[in-house]
Colleague: 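I'd like to ask some things about the structure below.
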Amino acid sequence: MLTTRFVNGAPNWIDVGTSDLDGARSFYEGLFGWEFRSAGPEAGGYGFFQLDGRTVAGGMQTTAEQGPPSWTVYFQSADADATAKTAEQAHGGVLARPMDVMGQGRMAILSDKAGVPFGIWQPGQTKGVDVAGDPGSLCWVELYTPDIAAAAAFYNKVLGLETSAVPFPGGTYTCVNPAEGGEDAMFGGIVPLGEDPVEAEGGPYWLPYFEVTDTDATVARTEELGGTVRGAATDIPGVGRIARLTDPSGARFAVIRSATPQT
């Protein structure tokens, strides 16, 4: 599962770009207990969501020209420039060229063959988020895509990710793990986009999951705070109880009360 023992190819950062940063601050504070801390005037409004003093995500104000409000998942890279070059060679895109971030690391925003944006983070002083897998923090990611085989090949070439088929009610689920650590380091899955009309809206994308202690209570609180329920709370045997949501600006995310609580 996802931990802060980051290895190359594993998610190590996540942030939300939103048209209403003040609204996002209020929503996620009310939902997860996060507090927002500015990174300072030189960071252009970027800041950190923290839980009990530990950073769980980033957040920033974005414009309509930068796309709709959304969460971006970042994957660890030992060399951001080389990873960006490989993404281009694999027929992906480079949406934001590799750049240094105030000595904290080096980042880029890329896209896969289906046009799905994702980030890469080459650690400097900041290795990644301070907590993962605990309630209120990132615990899993899923890629919704029209072509699982093409996506698997792309991320294998660019990030060294490996896939495996796991039996699942009604079929199989394609799990993803970094080469380093093997299946014990599994952190996400790849899901066929066309099988779910709700997820098909807006095209392919990465969906982050946050661990919670009570899925139904989180769903109710989401609605109270002005968010939307896109997928009602559902039990998945052996996995947990999940729900798919959006914040008031439309950024999509999911929550899960894991069958085996994250530690």
Colleague: Pick one: which of D112, L143, V116 meets side-chain contact (heavy atoms from CB on, under 4.5 Å) with P204?
Modeller: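 The residue from D112, L143, V116 that satisfies side-chain contact (heavy atoms from CB on, under 4.5 Å) with P204 turns out to be V116.
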Colleague: Side-chain heavy atoms nearer than 4.5 Å, only ILVMFWY residues, links allowed to pass through others: does that put I109 and M99 together?
Modeller: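 They do share one cluster, since a chain of ILVMFWY contacts under 4.5 Å joins I109 to M99.
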Colleague: If every non-hydrogen atom of V219 is compared with every non-hydrogen atom of A243, which pair is closest and at what distance?
Modeller: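 Smallest interatomic distance, heavy atoms only, reads CG2-CB, 3.5 Å.
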Colleague: In this structure, would V229 and L225 fall into the same cluster of hydrophobic residues linked by side-chain contacts under 4.5 Å?
Modeller: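 Yes: a chain of side-chain contacts under 4.5 Å links V229 to L225.
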Colleague: Just do the side chain to side chain contact (heavy atoms under 4.5 Å, CB included) check on I242 and I256 with the steps written out, would you?
Modeller: CA-CA 4 Å; I242 71 168; I256 180 170; 3.7 Å; yes
Colleague: Should R97 and E88 be marked as a salt bridge (Lys or Arg N to Asp or Glu O under 4.0 Å) after you check the CA-CA gap, both sets of side-chain angles, and the distance that decides it?
Modeller: CA-CA 11 Å; R97 291 282 170 187; E88 288 184 300; 3.1 Å; yes
Colleague: Can the ring centroids of Y28 and F36 be said to lie less than 6.0 angstrom from one another?
Modeller: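 They do not qualify: ring centres at least 6.0 Å apart.
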Colleague: Are more than 12 heavy atoms from other residues, nucleotides or ligands located less than 6.0 Å from atom NZ of K113?
Modeller: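 No, the 6.0 Å shell around NZ holds no more than 12 heavy atoms from other groups.
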Colleague: Are E223 and R221 within salt-bridge range, i.e. N to O under 4.0 Å?
Modeller: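 R221 and E223: not salt-bridged.
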Colleague: About how many Å separate CZ of R257 and CG of D235, when rounded to the nearest 0.5 Å?
Modeller: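 So the gap between those two atoms works out to 11.5 Å.
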Colleague: To the nearest 0.5 angstrom, please state how far the OG1 atom of T62 sits from the CG atom of D20.
Modeller: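 Atom-to-atom, T62:OG1 and D20:CG are 10.0 Å apart.
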Colleague: So do I148 and V191 actually touch side chain to side chain, heavy atoms under 4.5 Å?
Modeller: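 Answer no - side chains too far apart.
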Colleague: I'd like to know whether W13 forms a ring pair (Phe, Tyr, Trp, His ring centres under 6.0 Å) with F118, so could you lay out the CA-CA distance, the side-chain angles of the two residues, the decisive distance to 0.1 Å, and finally the verdict.
Modeller: CA-CA 11 Å; W13 191 257; F118 65 98; over 10 Å; no
Colleague: What are the two closest non-hydrogen atoms of T215 and A233, and how far apart are they?
Modeller: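 So the minimum-distance heavy-atom pair works out to CG2-CB, 3.9 Å.
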Colleague: Hydrophobic clusters here meaning ILVMFWY residues chained together by side-chain heavy-atom distances under 4.5 Å, can you tell me if V7 and W140 are in one?
Modeller: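 Looking at the clustering, W140 is in a separate group from V7.
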Colleague: Quick one: do E142 and R252 make a salt bridge, cutoff under 4.0 Å?
Modeller: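 So E142 does not pair with R252 through a salt bridge.
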Colleague: Can you tell me how far the CG atom of D130 sits from the CZ atom of R54, to the nearest 0.5 Å?
Modeller: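 Rounded to the nearest 0.5 Å, the CG-CZ separation comes to 7.5 Å.
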Colleague: Should T222 and T228 be marked as a side chain to side chain contact (heavy atoms under 4.5 Å, CB included) after you check the CA-CA gap, both sets of side-chain angles, and the distance that decides it?
Modeller: CA-CA 7 Å; T222 294; T228 301; over 6 Å; no
Colleague: Is the terminal nitrogen or CZ of R244 (NZ for Lys, CZ for Arg) located under 6.0 angstrom from the six-membered ring centre of F253 and within 45° of that ring's axis?
Modeller: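 No cation-pi geometry.
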Colleague: Any chance you could measure C175, atom SG, to E162, atom CD, to the nearest 0.5 Å?
Modeller: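 Interatomic distance, C175 SG to E162 CD, rounded to 0.5 Å: 12.5 Å.
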Colleague: Pairing donors with acceptors under 3.5 angstrom, does anything connect the side chains of Q76 and N8?
Modeller: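 Yes, because at least one side-chain N or O of Q76 sits under 3.5 Å from a partner of the opposite role on N8.
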Colleague: Pair V56, F48 - check side chain to side chain contact (heavy atoms under 4.5 Å, CB included), show working.
Modeller: CA-CA 8 Å; V56 293; F48 308 108; over 6 Å; no
Colleague: Tell me whether the rings of F49 and W71 are parallel (<30°), tilted (30 to 60°) or perpendicular (>60°).
Modeller: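 F49 vs W71 ring planes: tilted.
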Colleague: What are the two closest heavy atoms between V141 and P208, and how far apart are they?
Modeller: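 Closest approach of V141 to P208: CG1-CA, 4.3 Å.
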Colleague: For T126, does its backbone N or O pair with a side-chain atom of W121 as donor and acceptor, under 3.5 Å?
Modeller: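 Indeed, once roles are kept as given, a pair shorter than 3.5 Å links the two residues.
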Colleague: Starting at CG of D15, measure out to OG1 of T55 and round the result to the nearest 0.5 Å.
Modeller: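 Here the rounded value is 12.0 Å.
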Colleague: Closest heavy-atom contact between R230 and L245?
Modeller: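 Shortest heavy-atom contact: CD-O, 4.0 Å.
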Colleague: Under the side-chain hydrogen bond (donor to acceptor under 3.5 Å, both in side chains) rule, collect the residues that match up with D216, sequence neighbours excluded.
Modeller: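 Per chain and number, D216 pairs via side-chain hydrogen bond (donor to acceptor under 3.5 Å, both in side chains) with R241.
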Colleague: With a 4.5 Å cut-off on side-chain heavy atoms, are V176 and L161 touching?
Modeller: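 Yes, their side chains come closer than 4.5 Å.
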Colleague: Out of curiosity, does I236 fall in the hydrophobic cluster containing Y144 (side-chain heavy atoms, cut-off under 4.5 Å, transitive links)?
Modeller: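 Yes, Y144 connects to I236 through the hydrophobic network.
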Colleague: I'd like to check T145 versus W206 (side-chain heavy atoms, cut-off strictly below 4.5 Å). Are they in contact?
Modeller: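 They are not in side-chain contact.
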Colleague: Would one find more than 12 heavy atoms of other residues, nucleotides or ligands at under 6.0 Å from atom CG of D81?
Modeller: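 Counting other residues, nucleotides and ligands, CG of D81 exceeds 12 neighbours.
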Colleague: Please check if atom CD in Q66 has more than 12 non-hydrogen atoms from other residues, nucleotides or ligands closer than 6.0 Å.
Modeller: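 More than 12 heavy atoms, drawn from other residues, nucleotides or ligands, come within 6.0 Å of this atom.
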Colleague: Within a strict 4.5 Å, meaning less than it, do heavy atoms of the P123 and N12 side chains meet?
Modeller: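 SC-SC contact between P123 and N12 confirmed.
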Colleague: Between S26 and E29, do the side chains contain a donor N or O and an acceptor N or O under 3.5 Å apart?
Modeller: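 No, because no side-chain N or O of E29 sits under 3.5 Å from a partner of the opposite role on S26.
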Colleague: Could you go step by step and tell me if I120 and L159 meet the side chain to side chain contact (heavy atoms under 4.5 Å, CB included) rule?
Modeller: CA-CA 9 Å; I120 51 173; L159 297 174; 4.2 Å; yes
Colleague: Measure across V212 and F32 and return the closest heavy-atom pair with its distance rounded to 0.1 Å.
Modeller: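 Scanning both residues, the minimum pair turns out to be CG1-CE2, 3.8 Å.
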Colleague: Please step through side-chain hydrogen bond (donor to acceptor under 3.5 Å, both in side chains) for the pair Q61 and T18, ending with a clear verdict.
Modeller: CA-CA 5 Å; Q61 185 91 17; T18 178; over 6 Å; no
Colleague: Provide the closest heavy-atom pair for S249 versus P69 in the form atom of the first, atom of the second, distance.
Modeller: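 Where S249 meets P69 most closely, the heavy atoms are O-CG, 3.4 Å.
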Colleague: Is a donor from one side chain sitting under 3.5 angstrom from an acceptor on the other, for Q122 and S77?
Modeller: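 No - no donor-acceptor pair under 3.5 Å links their side chains.
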Colleague: Return the CG to SG distance between D134 and C139, rounded to the nearest 0.5 Å.
Modeller: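 Answer rounded to 0.5 Å: 10.0 Å.
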Colleague: Is it true that R106 and D79 have a side-chain N and a carboxylate O under 4.0 angstrom from each other?
Modeller: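 Here R106 does not pair with D79 in a salt bridge, since their nearest N and O are not under 4.0 Å apart.
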Colleague: Just do the ring pair (Phe, Tyr, Trp, His ring centres under 6.0 Å) check on W34 and F210 with the steps written out, would you?
Modeller: CA-CA 12 Å; W34 294 353; F210 299 99; 5.6 Å; yes
Colleague: Parallel, tilted or perpendicular: which one describes the rings of F187 and F75, with boundaries at 30° and 60°?
Modeller: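 Rings of F187 and F75: tilted, 30 to 60°.
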